[in-house]
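Only one structure is covered here, and it is reproduced in the block below.
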Amino acid sequence: MTDRVPVIAIDGPTGSGKGTISRSLAHKLGWHLLDSGALYRLVALIAAQKSIALDDQRGLAAAAADMVVNFSLAEDAEQVFLDGTDVTTQLRTEEHAAAASQVALLPLVRAALLLRQRAFAQPPGLVADGRDMGSVVFPDATLKVYLTATPKERALRRYNQLKEKGIDVSLPAVSREIAERDERDANRKVAPLKTAEGAQVLDSTGITPEQVVARVHSWFAGLDQSAS
Ligand code: DC
């Protein structure tokens, strides 16, 4: 393997399990984690806090460049701090998720976040979770995975996740919201959600997170062996 910092890029649509898998893989390897969706959600949160319109590209790009963010990672939980305040719960609402997907359409916002995201690649390695990790942010990633699951399974997972957090939602509403976000994320002009060149596609429908992590880990370990 080269002396570059190894990166495992995990992309996929909402509810594909990327977050859980990436966190758990980063923990298993003792690597850093980039939750790139959180950065887009943070921009959406700042927009709401400071009344910046979701089509004010320059205002949002400035917020993306200037925001002071810290992440902390435990075995199965990530905390996100904005200006020292814990905003983890706020970030997970459907309202900010929907706004994040709109903010993510703006090229200047994506450009402002690009270098911030690349800076996460620090030794001993990085697991990067998002929509364009393998295609745009880390095109030379050591391993690229496109994680997916059927729309029905993804909606159900998301619904259960929100319920667990005490957020009151209905399954049809979550399904509709996911379909709208999929459509926006896959069809935008800049860095659309797609299977990156060279990515391994993994359909997680009906398999446990532990099995998914084990599969990705074995792909990575296989690469490591073939390089040594
Ligand atoms: O992964 P997530 O649900 O936290 O992402 C929230 C939104 O951010 C998602 O709808 C699209 C956008 N996003 C993006 O455009 N590119 C990324 N690398 C990550 C997220």
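FYI, the numbering just counts along the sequence from 1. Every number for a ligand or one of its atoms is a count from 1 in the order of the listing. No hydrogens, no waters, no symmetry mates; every other heavy atom, side chains included, goes into these values. Everything numeric in this text was worked out from a predicted model, so none of it was measured.
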Checking R131 against S101: is there a side-chain donor and acceptor pair closer than 3.5 Å?
no
Please identify which atoms of ligand 1 are closer than 4.0 Å to at least one heavy atom of R188.
14 (C), 15 (O), 16 (N)
Modelled atom types, side-chain donor and acceptor of D83 and T85, under 3.5 Å:
no
Counting each atom of ligand 1 from 1 as listed, which ones have a heavy atom of R181 under 4.0 Å away?
3 (O), 6 (C), 9 (C), 10 (O)
Please tabulate, for side-chain N and O atoms in residues 49-68, each donor-acceptor pair with protein atoms closer than 3.5 Å (sequence neighbours left out).
residue, atom, partner, partner atom, Å
D56, OD1, G59, N, 2.9
Q57, OE1, L108, N, 2.7

Got a sec: does the NZ of K163 have more than 12 other heavy atoms crowding it under 6.0 Å?
yes
Provide the number and element of each atom of ligand 1 under 4.0 Å from a heavy atom of K18.
1 (O)
Taking all non-hydrogen atoms of both residues, which atom of A98 and which atom of R184 are closest, and how far apart?
O-NH2, 3.5 Å
Considering only the protein, which heavy-atom contact is closest to atom 16 (N) of ligand 1, and what is its distance?
R110 NH2, 3.0 Å
Can you tell me which residue and heavy atom of the protein come closest to atom 9 (C) of ligand 1, and the distance to 0.1 Å?
R131 NH2, 3.4 Å
Does either side chain, that of Q211 or that of T208, offer a donor lying less than 3.5 Å from an acceptor on the other one?
yes
Near D185, which atoms of ligand 1 are under 4.0 Å from a heavy atom of that residue?
9 (C), 10 (O), 11 (C)
Where is the nearest protein heavy atom to atom 20 (C) of ligand 1: which residue, which atom, and how far?
G37 CA, 3.5 Å
Taking the six-membered ring where the residue is Trp, are the ring centres of W31 and F220 under 6.0 Å apart?
yes
Atom 12 (C) of ligand 1: which protein heavy atom is closest, and how many Å away?
A104 CB, 3.7 Å
Around atom 18 (N) of ligand 1, find the nearest protein heavy atom and jot down its residue, atom name and distance.
D132 OD1, 2.8 Å
Under the 4.5 Å side-chain heavy-atom rule for ILVMFWY, direct or indirect, which residues accompany V201?
Y146, L193
Shortest protein contact, atom 19 (C) of ligand 1 (heavy atom only):
S36 OG, 3.4 Å
How far is atom 4 (O) of ligand 1 from its nearest protein heavy atom, and which residue and atom name does that atom have?
R41 NE, 2.6 Å
Give me the nearest non-hydrogen protein atom to atom 7 (C) of ligand 1 as residue plus atom name, then the distance to 0.1 Å.
A100 CB, 3.8 Å
Near M133, which atoms of ligand 1 are under 4.0 Å from a heavy atom of that residue?
18 (N)
Side-chain heavy-atom pair L73, H27 within 4.5 angstrom cut-off:
no
